Amino acid sequence: MEYLLFSLVLLFVSGLASLFAARNRSLSTAFAVSGILLAAGFGIIPVIRCIFSGTADMYSLPYPIPLGRLMIELNPLSAFFILPTYILAFCSALYSYSYLHGFKEDKSVGAYWFFYQILIASMILVFLAANGIVFLFAWEIMTIASYFLISFQHEKEQTKKAGWIYLIATHFGTCFLLVFFILLNQINPDFNLSPLTDSNVSKIILNCLFIFSWIGFGIKAGMIPFHIWLPEAHPAAPSPVSAVLSGIMIKTGIYGIMKTLVILGNPPVWWGWFLIIIGSVSGILGVLFALAEHDLKKLLAYHSVENIGIITLGLGTGLIGLSEKNILIASLGIGGSLLHIFNHAVFKSLLFLGAGSVYCQTHSLDIDHSGGLMKKMPVTGWTFLIGSIAISGLPPLNGFVSEFLIYLASFTGMASLSPAFIMIFLATILSLALIGGLALTCFTKVFGIMFLGESRTHFAEPVKESPSWMTSPMILLSLFCVLIGLFAPAVFKTLSRPILYITGSSLSSISDWHFIYESLNMLSLSCTVFLVVLFLVILLRRFLLSRQPAPYKETWGCGFLFPSSRMQYTASSFSDPLKKLFQFILRIQKTHAIPESYFPKEASFSTHYNDIFNRFFYQPVFSKFVKITRVFKGFQHGMLQMYVLYIALVLCLLLIWKVK
Amino acid sequence: MNGILAILSALIFAPLLPGVINKTKAFFSGKKGPSIFQLYYDILKLIRKGAVYSTTTTFLFKTGPVISLAAMIIVLFLLPLGGQPSILFFPGDYVVLIYFLGLVRFFMILAALDTGSSFEGMGASREAAFSTLCEPVLFVSLAALCKMTGQTSLTGVFSGIDSWIFGNHIPVILLILTAIYIIYLAENARIPVDDPNTHLELTMIHEVMILDHSGPDLAFLLYSGSLKLWIFGSVLSGILAAAIPLSPLTHFAFCIGWLILIGVLTGITESVMARLKLIHIPQLLIAAFSFSVLGILILLEEL
Amino acid sequence: MKTIADIVLMFLILSNLAFLGISRLKTCIRILALQGLSLGILPFLIHIPAFSYDSVLLAVGSILLRGLIFPYYLEKAMRKADVRHEVEPFIGYSFSILFGMGLLFISAWLGFRLQIPYLLTSRLLVPSSLFTIMTGLFILISRRKALSQVIGYLVMENGIYTLGITLVHEQPFIIELGILLDIFAGVFIMGIMIFHISRAFDHIDIDKLSSLKE
């Protein structure tokens with residue numbers, strides 16, 4: 001535990017150091033990166049020990065704070081969330097080193113590093129907090145730090161707006177969290193975050209707590225319908241920041257929900273139903289919106305919504321297992337959900353880093369503008385490919401393992417639980433299958449259009465591979481993708497403590513798990529066999545081709561003689577059949593100018609996608625809100641004297657009220 | 001041992017299935033038609049040839065056929081045939097099976113996009129769209145079978161459907177068979193979804209995606225295409241063959257018989273039907289989806 | 001018995017889904033005829049004492065009217081009014097089918113919860129009849145052509161019939177025959193009406209009829 005505290009202090013100090021050394025760019029960066037490296041090195045020791053041993057470590061600082069004690073606790077669940085935090089913090093920091101070179105000299109690197117370190121430290125503190133006050137404190141620092149990082153390029157109008165949306169959305173969530181913690185304080189005194197001991201708390205309070213935690217944490221996690229800030233904030237933030245935000249910060253929301261479940265204990269069955277429905281809506285709509293999107297980082301942001309959906313689906317299945325006292329389904333569902341949290345942290349940050357690498361070279365994030373990058377940026381291309389396969393949930397990589405666990409949970413639930421649950425498990429299976437198919441389409445679109453074919457636009461500067469500071473974190477992350485995919489049973493073993501912590505069951509129930517291990521062993525065996533067969537087939541192909549020449553010619557144009565790279569299929573046309581099919585949800589707007597007369601001069605066609613929640617809910621509601629609040633605008637006119645008058649008036653009123 | 005026999009028989013006899021389908025079609029149109037062994041000849045011819053590659057392509061173009069073949073072979077490892085357990089069977093193996101087919105799709109689409117040709121892009125786009133709709137149907141059908149037998153592995157499901165269960169759940173099984181048959185047609189690029197004989201703009205889905213492949217690559221694709229027919233056919237025949245209790249050897253023969261019959265049925269379907277308009281294909285797949293969901297509903301009632 | 005009843009009800013549900021997804025009116029009418037025929041044999045299948053004279057009467061009446069006479073009239077009306085397709089329905093076909101699935105789930109949920117006081121062969125009866133009624137209503141709401149409206153009306157009636165023979169165990173046939181007669185007259189009149197409307201307006205889109213309200 002001391003190691004962890006030391007690591008937090010180290011992060012803070014190195015952040016300050018790089019803030020003060022801001023004049024000298026490389027010195028500032030060196031402080032920050034070495035600070036993170038050391039902090040990760042120290043912090044990861046107790047974390048790994050905790051994940052494997054499963055013992056919780058409580059630490060109470062001897063300073064009193066209002067309304068409670070300064071308490072932090074390292075338990076298997078928080079350790080499980082802290083582990084990817086360190087990994088990603090380190091990878092993104094390495095990456096930022098090169099990425100920041102792209103900015104002009106007058107940009108303060110010091111501020112970036114300061115807020116970066118603060119963000120990492122506060123996220124770890126959120127995971128450690130054992131007291132509501134500490135939790136909220138860390139939560140707010142995290143929000144502020146991430147706000148500053150998102151609006152790092154605040155000179156752009158778009159970025160400023162995105163930062164505001166993020167701040168408003170997340171404070172809306174904090175609002176609910178405040179109510180949540182106050183309510184929790186009624187039944188769990190001293191803002192304690194330990195499991196409830198009092199078993200006869202009224203059902204209504206428990207349900208209220210659950211709903212408040214869903215809204216409060218759901219906004220941070222980006223569940224639909226609260227996802228609205230994600231597609232705004234991610235494109236605005238610098239890529240390494242997006243990686244950390246999407247990889248870890250939105251998971252603090254999931255952590256919050258999981259923690260709530262641990263605190264409340266014994267979930268009623270409708271929580272499971274509710275989470276599954278929310279999860280499937282988030283998952284399916286998230287990936288559908290991503291399909292309609294052309295901006296790479298917005299697309300990735302929508303995929304975060306989708307993956308949060310998958311995580312929620314797993315959690316919901318687990319809850320149904322828990323409430324039905326079926327520990328096997330519970331561990332499968334929650335295990336799948338936890339593993340997907342880690343997996344998503346790995347592959348989503350990998351993809352964001354890849355997007356940043358592309359952006360540094362082409363200065364465009366529009367998928368339709370690029371093409372043929374694979375040849376020019378092979379390392380980025382390879383790692384992006386691995387990330388795409390992983391996020392599409394395809395074997396033999398990591399994304400598949402977690403989805404497989406959730407599938408297995410629902411199929412087992414279907415076969416062994418009562419028929420009343422068929423429909424909800426069917427919904428899980430259906431949404432997973434649909435999400436899988438749509439995600440596959442979406443990432444073949446991204447990868448195929450961006451990295452394959454020929455370049456669609458002419459770039460001013462020649463595109464080349466990014467420097468190794470940027471590529472090496474990507475390689476590291478893609479290694480994680482492959483290893484988790486191939487060593488699924490071992491990975492599940494490390495998950496066992498966090499799962500037991502959430503399910504609240506003892507070690508003895510692990511005997512049930514031979515079923516899971518048997519399945520995962522065979523899964524990794526089939527993946528290995530697949531790789532062996534693949535190798536053999538490649539050898540066969542080599543052998544067959546070695547006897548004959550394999551000349552290179554132009555792509556066959558089906559008889560057309562003047563092909564141009566603009567004639568290639570674009571991302572919008574690629575996803576068109578599915579977009580048409582789901583038009584009743586997506587409501588994509590089309591604008592076109594039809595060519596007219598015999599010698600047409602101009603013709604254009606463009607599709608525009610505006611998030612339906614934005615278009616049909618948030619925008620109307622907020623514009624109404626603005627109209628209503630315009631009444632108050634008269635009070636806000638900037639005259640100092642009037643403000644003093646207000647203060648005086650309020651003082652008088654208060655006095656009168658009190659004295660009376 | 002039996003599992004290896006099943007894999008070997010698939011590897012050896014799979015190219016017969018397209019031959020059977022084509023023979024049936026030829027019979028219906030009153031022609032003699034190509035030999036039933038035509039695909040063997042084609043593959044042998046192609047692997048003796050060299051290949052031509054486009055200058056636009058990267059290594060991904062070459063991985064398409066290779067991954068396709070390797071994944072089909074691993075799927076054969078997971079697929080029980082003739083009442084025998086598959087070599088690799090475990091809870092949830094059908095999820096792995098379907099997702100390996102997804103992996104094939106992923107790389108085939110990338111290989112098509114890699115050429116930079118808009119024809120292949122079009123095929124890839126359609127393939128992606130229609131297969132996305134196929135996957136849920138397969139999952140729902142398997143879920144129904146799982147619930148019916150209380151098993152969670154493909155081997156368990158197929159050996160779990162005995163004649164008693166079959167007799168009690170005839171409506172459900174009929175619905176699920178229909179659903180899987182539609183998916184079998186769609187996934188294998190048969191009429192009414194796609195026309196395997198042409199790659200004109202109107203029909204181009206699967207055939208146009210492999211337009212630029214040549215030599216051994218094309219041979220791999222054709223071969224894995226026939227394996228895919230075999231795989232989907234075996235799922236159907238695995239359910240059908242469960243109707244009558246049989247000794248292992250006759251069961252095996254029965255399954256093979258059903259496979260060939262399904263081939264003939266495909267030929268008949270192709271002969272009597274026209275290809276659907278592209279905009280109607282989603283409707284067909286949604287219909288398949290409603291078959292499978294209806295199957296689950298009726299199952300719910302029967303439990 | 002149960003299996004056959006299940007298959008008939010399965011066909012009933014599937015044909016309802018088909019109405020939602022098919023635009024060719026001729027096919028719709030054919031399916032309607034098949035639905036009528038299959039409903040005709042349903043009375044023999046659903047109750048445990050299978051055979052009674054009531055059910056014979058009911059079956060014959062149903063097969064004659066639903067299976068033969070109504071479709072015949074509808075086809076005649078279709079040919080006279082010269083409409084083949086339901087063009088541009090208010091709700092698209094793919095979405096209609098999906099919506100139909102939603103209705104199916106709702107009716108299954110309702111149907112499995114209703115307590116039927118006596119023994120039926122198939123628990124599917126109530127859900128499928130509810131679903132048929134809902135489908136009929138949905139067609140009435142979502143389609144434009146007057147002919148489709150009539151089809152929707154008949155589908156709804158089929159649902160009521162199925163629910164009727166399920167619920168009213170003892171004496172359904174008098175009520176049912178009364179309803180059938182009403183419908184018969186109704187279809188007859190509508191057939192004539194459609195013909196006249198189409199002659200007067202050149203189309204049978206009913207949303208245009210709202211201009212007549214003054």
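Chain A is the first sequence line, chain B the second, and so forth, proteins listed ahead of strands; every chain is numbered from 1. These numbers were taken from a predicted model, which means no experiment stands behind them.
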- [ ] Ignoring hydrogens and angles, state whether a donor on the side chain of B/Thr57 or B/Thr115 is under 3.5 Å from an acceptor on the partner side chain.
- [x] no
Pair count under 4.5 Å, heavy atoms only, with chain A: among B/Ser131, B/Ala111, B/Ser153, B/Gly121, highest is B/Gly121
Cut-off 4.5 Å, heavy atoms of chain B, and the answer for A/Phe574 is both
Q: Please check if the distance between the ring centroids of B/Phe220 and B/His213 is under 6.0 Å.
A: no
Highest number of heavy-atom pairs under 4.5 Å with chain A among B/Phe61, B/Phe77, B/Phe100 belongs to B/Phe100
Ranked by heavy-atom pairs below 4.5 Å to chain A, first place among B/Gly50, B/Ala71, B/Ala219 goes to B/Gly50
Okay, A/Leu417 and chain B: the region with an atom under 4.5 Å from a heavy atom over there is backbone
Given A/Leu540, A/Ile429, A/Leu440, the one with more heavy-atom pairs under 4.5 angstrom with chain B than any other is A/Leu440
Turns out that what part of B/Ile73 lies under 4.5 Å from chain A's heavy atoms comes down to side chain
Look at the rings of A/Tyr517 and A/Trp513 and say which category their plane angle falls in: under 30° parallel, 30 to 60° tilted, over 60° perpendicular. tilted
So, the part of A/Leu578 with a heavy atom under 4.5 Å from chain B: the answer is both
Turns out that what part of A/Leu531 lies under 4.5 Å from chain B's heavy atoms comes down to neither
Among A/Phe425, A/Phe404, A/Phe535, A/Phe530, the residue with the most heavy-atom pairs under 4.5 Å to chain B is A/Phe530
- A/Phe451 and A/Trp382: aromatic ring centres closer than 6.0 Å? no
Pair count under 4.5 Å, heavy atoms only, with chain A: among B/Ile279, B/Leu60, B/Val95, highest is B/Val95
Between B/Thr56 and A/Glu454, is any side-chain donor less than 3.5 angstrom from a side-chain acceptor?
yes
With chain B, the option among A/Gly448, A/Pro551, A/Pro577 that has the most non-hydrogen atom pairs under 4.5 Å is A/Pro551
Exercise for the section: Examine B/Tyr94 together with B/Phe139 and report whether their ring centres are nearer than 6.0 Å. Expected result: no
Answer key: most heavy-atom pairs under 4.5 Å with chain B among A/Gly437, A/Gly371, A/Gly372 is A/Gly437
Mark yes when over 12 heavy atoms from residues, nucleotides or ligands other than B/Phe89 sit less than 6.0 Å from its CZ; otherwise mark no. no
dist B/Ile109:CD1 -> A/Leu452:CG (nearest 0.5 Å) comes out at 12.0 Å
_Under a 3.5 Å threshold, yes or no: a donor from one side chain and an acceptor from the other, between B/Ser117 and B/Asp212?_
no
Whatever's closer than 4.5 Å to a heavy atom in chain A on B/Leu138 counts as neither
Under 4.5 Å to a heavy atom of chain B? For A/Leu523 that would be both
Of the listed A/Ser575, A/Ser573, A/Gly393, A/Gly436, the one with the largest count of heavy-atom pairs under 4.5 Å with chain B is A/Gly393
Looking only at A/Leu434, A/Thr444, A/Val533, the option with the highest number of non-hydrogen pairs under 4.5 Å against chain B is A/Thr444
- Report yes or no: do B/Thr132 and A/Thr441 form a side-chain donor-acceptor pair below 3.5 Å? yes
